[in-house]
Amino acid sequence: MKFYILGFLLFTSQVFFAQIEFETSVSKNTLGVNQRFRVQFSVNKQGADNFSPPSFSNFKVVGGPSSSVNQSWINGKASFSQSYIYILEPRSEGEFTIEPATIEYEGETVKSNTVKITVSKAVEIPKDPNNPEYIAQQNIHLVAEVSNLSPYVGEGIYVVYKLFVSENISVNDWRVTESPQYNGFWNQDIEVSEINVQKGKYNGEDYRYIVLKKAVLIPQRAGELIIEPMTMDFSVGIPTGRGDFFGNMITRNISYSTASAIRNIKVKALPETGKPIDFTGAVGEFDFKVIADKNQLKANDAAQITVEVSGRGNLKLFEIPKITTPTELEVFTPEHKEEVSTALNGLRGSVSDIYTVVPQYKGKYKIPEISFSYFNTAEKKYKTIQVDAIIMEVLEGKDLPSTVDSTKTIKQKVVANNNNFRFIDLDTEFKPIKEPEFLHSTTFYLLLLLPFLAIPIAIFIGKKRAERAGDIFGNKIRLADRLAKKYLSQAKKQLGKKEAFYIALEKALHNFLKAKLQIETSDISKEKISEILKNKGVDESTIKDFIDVLNDCDFARYTPTTNVMMEQEFEKAKEVITKIDKHL
């Protein structure tokens, strides 16, 4: 009996004093930047929950989390283990530390140990035909096809991203982890409405492929530009070479990541030889016309003159020629219209400015001929289209006043001469002989009462200043509001200076939101800004206008911009701030 009691006490004490163990382990501590490894967090106590992994800031999670539980009873001894497993891929070379994970057990938070990982440069992966990674690498290819690797500045090209998959494996799922960057290009995506599997060739072999993404690119500067790669993660089914009971091939699913190759684009500068004086950056094939909706009208009637450029090319990236009108015709700010569609062969459609003209006097008026110049990429030379002058005849109205009216008296300045009488002086310097006494005067009593009036006023002002100084939150809002006004006025001063204007305009918009929402909007995305404004009750059209102005500030620095476009952008920013202010 004593023996059994002693054994029982030893067993219970061993269980009681057993400590929880939470451990981090890795499959390898040294690897190449192109390799992957497994990290496992294991806890030996049942009942531990609320597991929280570290941030993995220097690594990309390509698999996991997955969990496993192992429980056994051997020779009267119980054991328990629960594991959380991740597959990681390093983002760069260097020495990194995997920080501890945390888990809760009996109301306490337990941390695992740290692990150091050394990442070297890329290593050559052995060509093992049985290695699932090697099999996926040989059978999946992400390709970026570019229509023209040597365009001119302003000439549109397109890029199509295709995913080629051989018949030997299957792709169960995919996602884009890094979208391509088009630095130095004006770009616009073309919507891929349907994913259709097609058959094609890759390196001379039969493959299935799908089109993932299309984009039109227009280079904005000469030199070598780079199309950054697009990176994707896949869940790939690799055949194991074994079949199931029914004879179907058994596959093994693995996580695989690949990227398209970097594409180098050598952009040619437009030739200086033969460049017209009125050339504003139009590149493509265009037509140009100037049309008046009426050539005969009455005084104070309105006519519309349309200046239109149509065709194929960089339609959104150049300035339309402006008309010159006589001073007797009142001309309003033109209405700008764009009817442009985007396809793989570039931008196609028309852009136009519509002027409203109102004559004041009857007569005939000539709007001089104007020209439009562009660079034709097919013929590799400049072309100029000249349109004829427009004659507007005003049939009824007041006569045009003559330059000299004989009925009016011509006034001349009188010049003083010592030999003649001086003209009558209307101003005097006379002073009264008897000065009024200051004592008992109105001024005397006002000055006497002034200190008594100043004391309560000073106390009132002092209290208000103290309240204002103590209102830290209000002071921050007022400061941000003043900054918004400051930057908006700064943007107005910078009209005509493209980069300085758009920087000041963007700062004004962010500081306005900072004043109204009490958050740093410069640190968050446009999608988050849209969500916040929508929650505040701002209508979607106003939010869209606000985001459009922010987007214009981003890409307008790299595109040709006119003073008229900057003035329109400034007025649009003022209008959208006014609209948002009504809701906030």
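Because the structure is predicted, anything quoted here is derived from the model rather than measured.
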J.: Among Phe288, Trp186, Tyr374, Phe286, which residue satisfies the ring pair (Phe, Tyr, Trp, His ring centres under 6.0 Å) criterion with Phe318?
T.: Phe286

J.: With sequence neighbours excluded, what pairs up with Gln40 under the side chain to side chain contact (heavy atoms under 4.5 Å, CB included) test?
T.: Ser25, Arg38, Ser42, Ser83, Ile85

J.: For atom CD of Glu379, is the number of surrounding heavy atoms from other residues, nucleotides or ligands below 6.0 Å larger than 12?
T.: yes

J.: Do the side chains of Lys60 and Thr177 get nearer than 4.5 Å, heavy atoms only?
T.: yes

J.: Any carboxylate oxygen within less than 4.0 angstrom of a Lys/Arg side-chain nitrogen, looking at Asp189 and Lys213?
T.: yes

J.: Considering residues at least two apart in sequence or located in another chain, which fulfil the side chain to side chain contact (heavy atoms under 4.5 Å, CB included) criterion with Val61?
T.: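 Listed in chain order: Phe56, Tyr86, Leu88.
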
J.: Within the side chain of Ser350, is there an N or O that forms a donor-acceptor pair under 3.5 Å with the backbone of Val309?
T.: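 Side chain of Ser350 to backbone of Val309, a donor-acceptor pair under 3.5 Å: no, none is there.
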
J.: Got a salt bridge between Lys534 and Glu540, using NZ or NE/NH1/NH2 to carboxylate O under 4.0 Å?
T.: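 Counted as a salt bridge, because a side-chain N and a carboxylate O are separated by less than 4.0 Å.
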
J.: Aromatic ring centroids of Phe375 and Phe279 under 6.0 Å?
T.: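 Between Phe375 and Phe279, the centre distance exceeds or equals 6.0 Å.
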
J.: Spell out, as yes or no, whether a donor-acceptor pair under 3.5 Å connects the side chain of Asn29 to the backbone of Lys116.
T.: yes

J.: Quick one: does Leu163's side chain get under 4.5 Å of Ile140's, heavy atoms only?
T.: yes

J.: If you count every heavy atom of other residues, nucleotides or ligands that lies below 6.0 Å from Glu108 atom CD, does the total exceed 12?
T.: no

J.: Verify salt bridge (Lys or Arg N to Asp or Glu O under 4.0 Å) between Lys199 and Asp206, making sure each step is shown before the conclusion.
T.: CA-CA 7 Å; Lys199 293 186 178 296; Asp206 291 330; over 6 Å; no

J.: For Gln35 and Gly32, indicate whether the former's side chain and the latter's backbone hold a donor-acceptor pair under 3.5 Å.
T.: yes

J.: Please tell me whether Asp233 and Ser257 have a donor and an acceptor in their side chains that are separated by less than 3.5 angstrom.
T.: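 A donor-acceptor contact under 3.5 Å links the two side chains.
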
J.: Compare all side-chain heavy atoms of Asn253 with those of Asn172 and state whether any distance is below 4.5 angstrom.
T.: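 SC-SC contact between Asn253 and Asn172 confirmed.
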
J.: State whether the side chain of Gln220 and the backbone N or O of Ile218 hold a donor-acceptor pair below 3.5 Å, judged by distance alone.
T.: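 Checking the backbone N and O of Ile218 against the side chain of Gln220, a donor-acceptor pair under 3.5 Å is found.
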
J.: Indicate yes or no: at least one non-hydrogen side-chain atom of Val159 is less than 4.5 angstrom from one of Leu217.
T.: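 They are in side-chain contact.
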
J.: Taking all non-hydrogen atoms of both residues, which atom of Gly349 and which atom of Leu315 are closest, and how far apart?
T.: N-CD1, 3.4 Å

J.: List the steps, then state whether side-chain contact (heavy atoms from CB on, under 4.5 Å) holds for His336 with Glu338.
T.: CA-CA 7 Å; His336 185 74; Glu338 294 182 357; 3.2 Å; yes

J.: Do Ser166 and Asn139 have side-chain atoms, one donor and one acceptor, less than 3.5 Å apart?
T.: yes

J.: Are side-chain N/O atoms of Thr24 and Ser112 paired as donor and acceptor at under 3.5 Å?
T.: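 Distance-only check passes for Thr24 and Ser112.
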
J.: With no hydrogens and no angle check, is any side-chain donor or acceptor of Arg208 less than 3.5 Å from a backbone partner on Phe164?
T.: no

J.: Would you check if the side chain of Ser147 reaches a backbone N or O of Tyr158 as a donor-acceptor pair within less than 3.5 Å?
T.: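 Here the side-chain-to-backbone pair exists.
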
J.: Is there a side-chain contact (heavy atoms from CB on, under 4.5 Å) between Ile265 and Ile226? Walk through the geometry before answering.
T.: CA-CA 6 Å; Ile265 311 298; Ile226 293 176; over 6 Å; no

J.: Under the 3.5 angstrom rule, does the side chain of Glu155 hit a backbone N or O of Tyr152 as a donor-acceptor pair?
T.: yes

J.: Could you tell me if the side chain of Ile227 sits less than 4.5 Å from the side chain of Val146, heavy atoms only?
T.: yes

J.: Check Met230 against Leu142 and note the closest heavy-atom contact, atom names and distance.
T.: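 Here Met230 and Leu142 meet closest at O-CD2, 3.3 Å.
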
J.: Report yes if some heavy atom in the side chain of Val340 is under 4.5 Å from a heavy atom in the side chain of Val351; otherwise report no.
T.: yes

J.: side-chain contact (heavy atoms from CB on, under 4.5 Å) for Ser235 and Trp174? Distances and angles first, verdict last.
T.: CA-CA 6 Å; Ser235 175; Trp174 70 80; over 6 Å; no

J.: Parallel, tilted or perpendicular: which fits the ring planes of Phe22 and Phe41, with parallel below 30° and perpendicular above 60°?
T.: tilted

J.: Could you check whether any side-chain heavy atom of Arg312 comes within less than 4.5 Å of a side-chain heavy atom of Leu347, counting everything from C-beta outward?
T.: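 Sidechains of Leu347 and Arg312: no contact.
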
J.: Working note: Ile103 + Asn50, criterion side-chain contact (heavy atoms from CB on, under 4.5 Å); need CA distance, chi angles, decisive distance, verdict.
T.: CA-CA 6 Å; Ile103 200 166; Asn50 293 333; 5.9 Å; no

J.: Take a 6.0 Å sphere around NZ of Lys268 and say whether it holds more than 12 heavy atoms from other residues, nucleotides or ligands.
T.: yes

J.: May I ask you to decide if the ring planes of His141 and Tyr207 are parallel, tilted or perpendicular, using 30° and 60° as cut-offs?
T.: perpendicular

J.: Please report the shortest heavy-atom distance between Ala573 and Val549, naming the atom on each side.
T.: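 For Ala573 and Val549, the tightest heavy-atom pair comes out as CB-CG1, 4.3 Å.
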
J.: Counting heavy atoms not belonging to Glu224, are there more than 12 under 6.0 Å from its CD?
T.: yes

J.: Look at Glu93 together with Lys121 and state whether they make a salt bridge at an N to O cut-off of under 4.0 Å.
T.: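 Not counted as a salt bridge, because no side-chain N and carboxylate O are separated by less than 4.0 Å.
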
J.: Mind jotting down which residue pairs meet the ring-ring contact (aromatic ring centres under 6.0 Å, His included) criterion with at least one end in residues 93-120? Sequence neighbours excluded, please.
T.: Phe59-Phe96

J.: Identify the heavy atoms of Leu149 and Asn264 that sit nearest to each other, and give their distance.
T.: CD2-O, 4.0 Å

J.: Quick one about Thr542 and Asp545 (side-chain donor to acceptor, distance below 3.5 Å, no hydrogens or angles considered), yes or no?
T.: no

J.: Do the numbers put Lys28 on top of the ring of Phe37, so that NZ or CZ is under 6.0 Å from the six-membered ring centre and no more than 45° off the axis?
T.: no

J.: I need the minimum non-hydrogen distance between Val283 and Gly154, along with the two atoms involved.
T.: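 Looking at all heavy atoms of both residues, the closest pair is CB-O, 3.6 Å.
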
J.: Can you see which heavy atom on Asn44 is nearest to which on Glu21, and at what distance?
T.: OD1-N, 2.6 Å

